[in-house]
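Okay, structure first, notes after.
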There are 2 protein chains.
Amino acid sequence: MKRITIRDVSVKAGVSTAAVSYVLNGREGKVSPETVLKVRRAAEELNYIPDFSARSLVNNKSKLIGVVIPQTEDRKQLLLQNPFYSELICGIEARLRQSGYHMILSGVEKGEGYLDTSMQRNLDGAIITGIYQESFYEDLKKVRMPIVLIDSYIYDSHFHVVGIDDELGGYMATKHFIDNGHTNIALVTGLIRKDGVVEKRFLGYKRALKEAGLFYHPDYVFEHSVTYEYGQEAAHLIAAKHPEITAVFATSDLMAMGVMRGLRDAGKQVPEHVSVIGFDDISVARMSTPPLTTIMQDTIARGITAADRLLTAIGNTDGELPAEPTIMPLTLVDRDTVRKLT
Amino acid sequence: MKRITIRDVSVKAGVSTAAVSYVLNGREGKVSPETVLKVRRAAEELNYIPDFSARSLVNNKSKLIGVVIPQTEDRKQLLLQNPFYSELICGIEARLRQSGYHMILSGVEKGEGYLDTSMQRNLDGAIITGIYQESFYEDLKKVRMPIVLIDSYIYDSHFHVVGIDDELGGYMATKHFIDNGHTNIALVTGLIRKDGVVEKRFLGYKRALKEAGLFYHPDYVFEHSVTYEYGQEAAHLIAAKHPEITAVFATSDLMAMGVMRGLRDAGKQVPEHVSVIGFDDISVARMSTPPLTTIMQDTIARGITAADRLLTAIGNTDGELPAEPTIMPLTLVDRDTVRKLT
DNA sequence: TTGTACGCGTTATCAG
DNA sequence: CTGATAACGCGTACAA
């Protein structure tokens with residue numbers, strides 16, 4: 001199928017390429033109504049499809065958005081295994097397509113930056129999820145496209161942020177345990193990196209303890225990777241070494257699922273012996289047995305919001321600085337994994 | 001950050017743009033070693049990054065691959081909720097990036113085709129998952145880029161196919177039940193469309209029954225949508241109207257999870273009262289309680305294979321026709337949801 | 001309303 | 001044999 005160019009259309013319509021360009025870009029004021037008709041018909045008949053590469057070349061707009069997702073540590077694959085990111089993508093893609101944009105989804109080789117990709121592809125903007133080393137963000141600042149950060153507490157005037165109140169989430173979960181009579185509450189979490197989301201959740205956990213006059217036991221914090229397997233492992237440790245623990249707050253549902261399995265492996269019932277709360281409310285949370293009590297964030301909505309902010313930022317040609325972070329709401333979904341202690 | 005063009009590099013190196021182009025594209029045979037050096041250094045110092053749009057324009061290669069995923073019926077979002085697709089994407093993206101390609105991930109508006117996107121973006125190839133109406137494929141044939149189909153039995157000489165033996169999978173699952181003494185075996189499945197994957201699984205189910213001299217009961221087939229919710233609903237029906245059923249083959253793990261929940265809702269234990277087998281072996285299968293017996297396909301590998309086939313097809317400039325379908329292996333993973341009768 | 005220069009990189013052609 | 005010039009691909013927008 002040979003490519004139909006704007007020239008083909010102009011010939012068929014008996015006008016200039018400029019006229020065609022004007023008509024097809026809505027600048028109809030610049031040409032006569034009859035020319036508009038002729039062009040419309042010619043384009044229709046020839047089934048003309050514009051070449052975005054050519055457009056991109058002339059006006060530096062690609063209608064392309066870069067979306068970056070973290071990768072698994074070991075292998076070099078996207079962390080899409082975590083449904084959290086899948087849902088985010090759903091939201092982002094839906095909103096972008098609706099506005100005529102396409103999404104380039106990719107991970108970033110560790111050590112590599114994103115500047116190359118963004119320049120090569122003439123990206124109109126990017127949504128970055130996950131946390132990276134500082135140099136990565138420094139690089140990003142050099143590009144003059146709008147960028148939305150998700151899962152990041154880098155409040156730099158260069159970046160838009162669509163986040164949640166992670167500290168509050170950690171607090172809510174822990175408080176819920178306390179309200180139900182629990183006092184020995186463990187935390188199972190991924191690596192606590194400075195200014196990362198889990199650090200905030202951890203801080204919320206500590207605040208709730210302190211507020212209730214409970215001691216913070218460093219022994220009760222199990223910190224490693226955000227995986228089902230580690231949740232399981234942590235539960236084994238808890239069952240073996242800390243039988244006094246009656247509640248576990250896992251900073252992600254994926255880990256919470258692992259915790260439940262690990263507890264069961266060790267002969268503990270959930271929630272009879274140990275209560276569990278997760279974070280995110282990914283779809284498996286309600287599918288688990290028993291259904292998981294968790295801190296819900298509407299991830300799809302978050303993706304949509306992120307895309308929204310990006311699109312409006314792209315629209316604002318005047319390079320005004322990003323407004324303050326958008327903070328999405330959090331809700332505790334009380335399902336069946338928390339037991340009320342007499 | 002102003003864009004560095006090939007001209008900037010040529011000036012800095014004191015040579016022509018042609019020389020720069022040659023060097024940067026490995027045609028070093030055309031220029032002297034010292035020129036090569038000068039160009040290399042200049043490009044390095046200026047941190048030159050080529051513009052893919054310009055390249056795409058001149059040689060019709062974009063290094064861009066389109067990946068299409070089905071959408072949810074109701075809302076207009078990607079079906080990425082089903083981890084099967086997430087895993088596929090992981091494999092595809094990893095392989096593509098490794099070869100310097102990028103992926104445009106998108107759904108397709110119902111009724112719309114993919115021709116527009118492919119032309120606009122000058123895609124080098126596409127990987128299509130899911131099943132669409134025939135006109136969609138007819139459209140696709142008009143484009144002259146290689147296309148890999150996943151989840152499709154359209155064996156047309158225009159398309160590459162990376163599939164599994166769905167019929168065999170259905171047979172394996174059913175046979176496993178029979179081998180364990182089950183005779184009243186239900187099928188819970190998404191819509192059985194002609195030449196779709198579930199039809200093949202359904203056929204395998206029937207073959208196993210027939211081979212064992214068992215009757216095929218249309219009543220035992222519960223057919224609707226590929227969702228957790230429908231699995232649950234089907235289980236309710238089974239428990240209420242067909243207490244004689246002791247085994248349920250769900251044609252996707254997602255549905256199997258729903259079935260297990262539904263059975264439990266109805267007071268039935270898995271596998272004590274009813275056994276269950278799923279399909280796919282998505283990661284939640286091993287996370288469920290009890291861990292789900294299922295037909296495993298290595299989905300990530302399938303994604304990688306699909307990308308591989310696409311890339312080699314793109315490499316073969318001689319427009320040779322696609323070889324026969326690549327069929328990926330299937331394994332029954334025997335976990336804890338099938339009970340041996342008697 | 002149109003002719004045409006331009007954006008960027010590639011490559012065929014031609015001069016040194 | 002090295003390397004420079006210039007046309008080209010496609011769509012846009014300014015000058016005429």
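Values below: all heavy atoms of this structure, side chains included; hydrogens, waters and symmetry mates excluded. All chains are named by letter (A, B, ...) in the order of the sequence lines, taking the proteins before the strands, and each is independently numbered beginning at 1.
The side chain of A/Ala19 lies closest to C/dT2, out of C/dT2, D/dT5, C/dG9. Out of C/dT11, D/dA13, D/dC10, the shortest distance to the side chain of B/Leu57 is found at D/dC10. Residue B/Ala18 has its side chain nearest to D/dT5 when only C/dC8, C/dT10, D/dT5 are considered. Between C/dG7, C/dG3, C/dT11, one nucleotide has an atom nearer to the side chain of A/Ser16 than all others, and that is C/dG3. Side chain of B/Ser32, nearest nucleotide from D/dA13, C/dC8, D/dT2: D/dT2. Checking D/dC10, C/dT2, D/dG3 against the side-chain heavy atoms of B/Val31 singles out D/dG3 as nearest. Minimum atom distance to the side chain of B/Thr17 is reached by D/dT5, of the listed C/dT2, C/dC8, D/dT5. Distance from the side chain of B/Ser21 is smallest to C/dT11 among D/dG11, C/dT4, C/dT11.
No side-chain heavy atom of A/Leu140 sits under 4.5 Å from any side-chain heavy atom of A/His158. The closest side-chain heavy-atom distance from A/Val161 to A/Val148 is not below 4.5 Å.
Taking the nucleotide of DNA chain C with the nearest heavy atom to each of B/Tyr22 and B/Ile49, the more 5' of the two is matched to B/Ile49. Comparing A/Val20 and B/Gly14 by the nucleotide of DNA chain D that holds the closest heavy atom to each, the one mapping nearer the 5' end is B/Gly14. Nearer to the 5' terminus of DNA chain C, by closest-nucleotide assignment, is the contact made by A/Thr35 (compared with the other of A/Arg7 and A/Thr35). Each of A/Lys30 and A/Ile4 was matched to the nucleotide of DNA chain D holding its nearest heavy atom; the match closer to the 5' end belongs to A/Ile4.
The nearest whole Å value for the distance from the CD atom in B/Glu34 to the C1' atom in D/dC1 is 13 Å. One atom, CZ of A/Arg3, and another, C1' of D/dG11, lie 11 Å apart when rounded to the nearest Å. In this structure, NZ of A/Lys63 is placed 12 Å from P of D/dT12, rounded to the nearest angstrom. Rounded to an integer number of Å, the gap from A/Asn59 CG to C/dC8 P is 12 Å. The nearest whole Å value for the distance from the CG atom in B/Asn60 to the P atom in C/dC8 is 20 Å.
Listed pair A/Arg55 / D/dT12 meets the phosphate criterion, a side-chain N or O lying under 4.0 Å from OP1 or OP2. The phosphate of C/dG9 has neither OP1 nor OP2 within less than 4.0 Å of any side-chain N or O from B/Asn25.
At a threshold of 4.0 angstrom between heavy atoms, the contacts of A/Phe52 with the nucleic acid are absent.
For B/Arg97 and A/Gln71, the side-chain atoms include at least one donor-acceptor pair closer than 3.5 Å.
Heavy atoms only, all atoms of each residue included: A/Asp124 and A/Lys61 are closest at OD1-CA, 3.5 Å.
With a 6.0 Å radius and a threshold of 12 heavy atoms from other residues, nucleotides or ligands, A/Arg27 has its CZ atom at or below the threshold.
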